[in-house]
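Working notes, beginning with the structure itself.
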Amino acid sequence: MKKIVVLASGSGSNFEAIVKKLHGDSCEVALLVCDQPGAYCLKRAETLGIKTLQLTLKDFDSKVRYELEMIKHLKAVNPDLIVLAGYMKLIGETLLAEYEGKIINIHPALLPAFPGRNGVEDALTYGVKVMGVTVHYVDAGIDTGKIIDQESFKRAEDETASESKEKIHAIEHELYPRVIKHLLT
Ligand code: GRF
């Protein structure tokens, strides 16, 4: 069975959706790597029975050493795909040199519009009428890699920001597992 590793920093709702929809069926979610001690995604992994690795950048001399340590664990798994799901660090040259073409990310806006860490807020502030989600390959830039798939929706006249955010999450939880499954087959 194909193996994936998920990298996350926060809540991990996408991680959970991926595990529930794919693990043990379409692929094995072999490991969750988290860069934030105490992040909720680690609790989700425990409940879901997924192995975790917690690495903290400031415990290392440099980002290169941090990523080399991660690579050591990734090589033990030999994943077919590395899935970023709310991983809040730029992928550095070390990890990219090893796995470019096998790392994907999900972004809560219709790229190339609104890249960066506040994609949803930026789109709402701009006043867009159509919002959406992008899954893309990861390259050295910020949300600049080749687009794999996108899904959009039109905001209702009276839609609040939190309703839009909920819709975005709901789309992510369907789209990401579907794209991953497609890439693995
Ligand atoms: C998602 O909105 C994703 O698009 C972005 O980070 C968020 C992670 O949410 N990259 P969660 O931790 O999966 O709930």
Side-chain angles (χ1 to χ4, degrees), residues 4-23 27 29-48 50-57 81-92 95-96 99 102-126 128 130-153 155 159-183:
I4 69 169
V5 171
V6 179
L7 271 59
S9 304
S11 157
S13 71
N14 278 281
F15 160 70
E16 180 163 340
I18 291 163
V19 172
K20 287 190 168 159
K21 289 205 157 69
L22 304 180
H23 182 62
C27 67
V29 182
L31 183 66
L32 170 77
V33 181
C34 175
D35 64 327
Q36 297 296 325
Y40 191 61
C41 58
L42 290 165
K43 285 213 172 62
R44 293 192 202 252
E46 197 186 326
T47 309
L48 294 161
I50 304 295
K51 240 176 92 177
T52 60
L53 168 69
Q54 205 275 302
L55 290 177
T56 308
L57 178 59
L81 204 59
I82 295 172
V83 173
L84 310 189
Y87 179 67
M88 299 309 280
K89 282 186 174 54
L90 260 186
I91 297 296
L95 203 50
L96 213 50
Y99 291 107
K102 282 190 170 184
I103 311 177
I104 62 171
N105 182 44
I106 190 159
H107 183 74
L110 293 169
L111 293 171
F114 311 114
R117 50 176 65 219
N118 300 312
V120 181
E121 286 72 18
D122 293 346
L124 287 169
T125 304
Y126 197 90
V128 297
V130 174
M131 298 186 86
V133 173
T134 304
V135 179
H136 64 94
Y137 285 105
V138 171
D139 65 11
I142 299 174
D143 302 321
T144 51
K146 187 173 183 292
I147 291 173
I148 303 167
D149 207 349
Q150 293 183 305
E151 203 166 310
S152 65
F153 66 94
R155 295 191 76 207
E159 191 167 305
T160 64
S162 72
E163 283 169 342
S164 297
K165 286 178 188 172
E166 262 177 46
K167 282 189 187 171
I168 284 172
H169 268 295
I171 289 174
E172 288 183 336
H173 297 164
E174 296 296 322
L175 178 68
Y176 216 8
R178 199 162 70 231
V179 170
I180 293 166
K181 188 174 172 178
H182 180 72
L183 290 175

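Atoms within each ligand, like the ligands themselves, are counted from 1 in listed order. The chain is numbered in sequence order, starting from 1. Keep in mind that this is a model prediction, so the values were computed, not measured.
- Residues satisfying the side chain to side chain donor-acceptor pair (under 3.5 Å) criterion with K167, sequence neighbours excluded, are E159.
- Annotation: ring-ring contact (aromatic ring centres under 6.0 Å, His included) contacts of H173 (sequence neighbours excluded): H169.
- Side-chain contact of R44 with S11: a donor-acceptor pair under 3.5 Å is present, judged by distance alone.
- Remark: Y99 pairs with no residue by the ring-ring contact (aromatic ring centres under 6.0 Å, His included) rule, at least two apart or across chains.
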Hey, what polar pairs (N/O, under 3.5 Å) does ligand 1 make with protein?
from     : atom 1 : to   : atom 2 : distance (Å)
ligand 1 : 2 (O)  : E172 : OE1    : 3.1
ligand 1 : 2 (O)  : E172 : OE2    : 3.0
ligand 1 : 4 (O)  : I106 : O      : 3.4
ligand 1 : 4 (O)  : E172 : OE2    : 2.3
ligand 1 : 10 (N) : I106 : O      : 2.9
ligand 1 : 12 (O) : G12  : N      : 2.8
ligand 1 : 13 (O) : S13  : N      : 3.2
ligand 1 : 13 (O) : N14  : N      : 2.8
ligand 1 : 13 (O) : N14  : ND2    : 2.9
ligand 1 : 14 (O) : S13  : N      : 3.0
ligand 1 : 14 (O) : S13  : OG     : 2.6

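- Contact check on R155 versus E163 returns no salt bridge, with no Lys/Arg side-chain nitrogen under 4.0 Å from an Asp/Glu carboxylate oxygen.
- Heavy atoms of other residues, nucleotides or ligands lying less than 6.0 angstrom from CD of E46 number 12 at most.
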